[in-house]
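These numbers come from a predicted model, not from an experiment.
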Amino acid sequence: GKYQVSLFENASGKKYSKEGTVKLSVKMENELSCFLYPNQYVPYDDKTECVKQAQKMCKDMTDQKEIFKTVCNYVTSNFVYDYIKSVTVKPGMLPDIDGCWKNKMGICQDLSAMTCAMLRCNGIPARLMIGTVGANNYHAWVVAVVDGEERFFDPTAELQASNKNDTYTTERYY
């Protein structure tokens with residue numbers, strides 16, 4: 001896409017002066033490559049515990065379907081939905097992959113972001129989807145690209161905390 005980036009300097013108080021602008025035209029060779037790396041919604045590195053476990057579990061695997069199935073099964077077998085956090089979460093809160101891993105529980109965005117990290121570190125492009133499910137309930141889930149095909153995974157529904165048959169409406173993804 002085409003982007004315009006402007007740099008502002010604080011002049012005083014709440015006043016800023018524009019110091020410069022740069023126009024960029026960016027073309028990605030592979031539109032899925034950005035879903036193989038960490039970002040603010042899927043924050044991880046090689047020291048992140050879920051990443052270490054995912055790399056260990058999938059070390060000798062080359063089949064993307066097998067990796068996807070292994071990661072998804074691991075999440076649904078080892079984690080639970082955090083019902084208390086779901087009613088106390090504050091707006092604008094980012095996923096907590098490390099807390100989810102440590103406590104073996106999380107809300108939809110924690111479980112989905114952790115799943116994305118586990119898939120991405122094994123070479124599977126995975127999007128953290130944000131939107132609504134059912135009657136406008138704010139929600140997060142995963143869409144991974146496995147052997148060129150999109151694969152849906154909702155850890156919350158798999159843990160029986162939401163209904164996978166409801167309508168999913170995507171607002172954005174990371």
Legend entry - His139 versus Asp166, side-chain donor and acceptor atoms under 3.5 Å: no

Inset, instruction - Compute whether any side-chain donor of one residue and acceptor of the other, for Thr156 and Glu158, lie under 3.5 angstrom apart. - result: no

Membership question, hydrophobic clusters at under 4.5 Å side-chain separation (ILVMFWY): are [Y] and [X] in the same one?
X: Leu32; Y: Val143; value: yes
X: Tyr41; Y: Val142; value: yes
X: Leu94; Y: Val51; value: yes

Counting only N and O atoms by type, is there a donor-acceptor contact under 3.5 Å from the side chain of [X] to the main-chain atoms of [Y]?
X: Gln109; Y: Met93; result: yes
X: Ser112; Y: Ala140; result: yes
X: Asn122; Y: Ile67; result: no
X: Thr76; Y: Asn73; result: yes
X: Arg151; Y: Val146; result: no

Legend entry - Given Asp96, Asp110, Asn103, the one that forms side chain to side chain donor-acceptor pair (under 3.5 Å) with Lys85: Asp110

How about [atom1] on [X], more than 12 heavy atoms from neighbouring residues, nucleotides or ligands closer than 6.0 Å, or not?
X: Tyr168; atom1: OH; answer: yes
X: Lys47; atom1: NZ; answer: no
X: Tyr83; atom1: OH; answer: yes

Inset, instruction - For the pair Ser6 and Gln4, evaluate side-chain contact (heavy atoms from CB on, under 4.5 Å) and give the outcome as yes or no after the intermediate values. - result: CA-CA 7 Å; Ser6 298; Gln4 180 173 309; 4.1 Å; yes

Legend entry - Basic-acidic side-chain contact under 4.0 Å: Glu9, Lys18: no

Legend entry - Test: Lys52 and Asp46 ion pair at under 4.0 Å: no

Legend entry - Trp141 and Phe152 aromatic ring geometry - parallel, tilted or perpendicular at 30°/60° bounds: tilted

Legend entry - For Leu24 against Val22, the heavy-atom pair lying closest together: CD2-CG1, 3.8 Å

Inset, instruction - Determine, using ring centers only, whether Tyr174 and Phe35 are less than 6.0 Å apart. - result: no

